[in-house]
Protein chains: 2
Amino acid sequence: MIYNRIKMLRTEKGLSRKELAKAVEVNFQTIGYLERGDYNASLELAFKLAEFFEVPIDMAFSPRPFKTLAEELAAARAAE
Amino acid sequence: MIYNRIKMLRTEKGLSRKELAKAVEVNFQTIGYLERGDYNASLELAFKLAEFFEVPIDMAFSPRPFKTLAEELAAARAAE
DNA sequence: TCATATTGTTGTAGATATACAACATATATA
DNA sequence: TATATATGTTGTATATCTACAACAATATGA
């Protein structure tokens, strides 16, 4: 199981699933499946999505659950 | 089509396909298929491989052909 | 040479990803 | 209210990924 931040990245851009789907050339229902975690993106689609959102691929996908923003902040502070 | 450096990363470590396959828990023939470009890894397998080789995922996989070492060197020098 | 390991090829089968249609529900907006 | 848009659910069909078996070809080493 691979976790993803597609929904967050999409809504942050104010896009509908249909619009995102068109941008990365998949069916709009496929975006829904990914966001709900029904199945994983293919590697090809993962690269397309990461490229579209202009983030490194492991910012959009992760084999482990993503940290919350609060956890990220705490980790960043601890790293200083 | 996604390009990969699995063969390079594997041989660099002096591993056979069978050994690598065992490490990432797939059939050894699956490694062969990936190295030959017969098909792409799933996102899950891509993460496993990147983690095993301790490289960022886009060092092991890319939607565009990888640069040769010579090109990488030239690019690195130009960036200074 | 013989034996063994490694890789490539072909084929079958199962699992997963994607497309697409139909319909339900919710939400926003005229 | 009525209409449109967005999302969720279910089902079918196709493509792609993975496992596994059998065999050929090549290399490596005793």
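As the structure is a prediction and not an experimental result, all values here were calculated from the model. We name chains A, B, ... by the order of the sequence lines, and we start the count at 1 in each one.
- Between the CD1 atom of Ile6(A) and the C1' atom of dT7(D) there is a distance of 16 Å, rounded to whole Å.
- The neighbour count for Lys13(B) NZ, taken as heavy atoms of other residues, nucleotides or ligands under 6.0 Å away, is above 12.
- Applying the ring-ring contact (aromatic ring centres under 6.0 Å, His included) test to Tyr33(A) and every residue at least two apart in sequence or in another chain returns Tyr39(A).
- Side chain of Asn40(A) to backbone of Glu44(B): no donor-acceptor contact under 3.5 angstrom is found.
- For the pair Arg10(B) and dT7(C), the criterion of a side-chain N or O lying under 4.0 Å from OP1 or OP2 is met.
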Study note, to complete from the structure: Protein heavy-atom contacts under 4.0 Å, written 5' to 3' over nucleotides 17-30 of chain C as B (base), S (sugar-phosphate only) or - (none), form the string SBSBBB--------
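- Every residue two or more places apart in sequence or in another chain that forms a salt bridge (charged side-chain N to carboxylate O under 4.0 Å, His left out) with Glu25(A) is listed here: Lys48(A).
- Salt bridge status for Glu35(A) with Arg10(A): present, with a side-chain N to carboxylate O gap under 4.0 Å.
- Near DNA chain D, defined here as any heavy-atom distance below 4.0 Å, there are no residues from residues 48-56 of chain B.
- Spacing between atom NZ of Lys18(B) and atom C1' of dT7(C) amounts to 10 Å, rounded to whole angstrom units.
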Please table the atom pairs, donor to acceptor, closer than 3.5 Å between any side-chain atom in residues 49-63 of chain B and protein atoms at least two apart or in another chain.
unit_1	atom_1	unit_2	atom_2	d
Glu51(B)	OE1	Arg64(A)	NH2	3.1
Ser62(B)	OG	Arg64(B)	N	3.0
Ser62(B)	OG	Arg64(B)	O	2.5

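- Atom CD in Glu35(A) sits roughly 11 Å away from atom C1' in dA6(D) (whole-Å rounding).
- Rounded to an integer number of Å, the gap from Arg36(B) CZ to dC17(D) P is 14 Å.
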May I have the list of side-chain donor-acceptor pairs in residues 70-79 of chain B shorter than 3.5 Å, sequence neighbours left out?
unit_1	atom_1	unit_2	atom_2	d
Glu71(B)	OE1	Thr68(B)	N	2.8
Glu71(B)	OE1	Thr68(B)	OG1	3.4
Glu72(B)	OE2	Arg5(B)	NH2	2.9

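- Contact detail for Ala41(B) and Leu43(A): the closest heavy-atom pair is O-CB, 3.4 Å.
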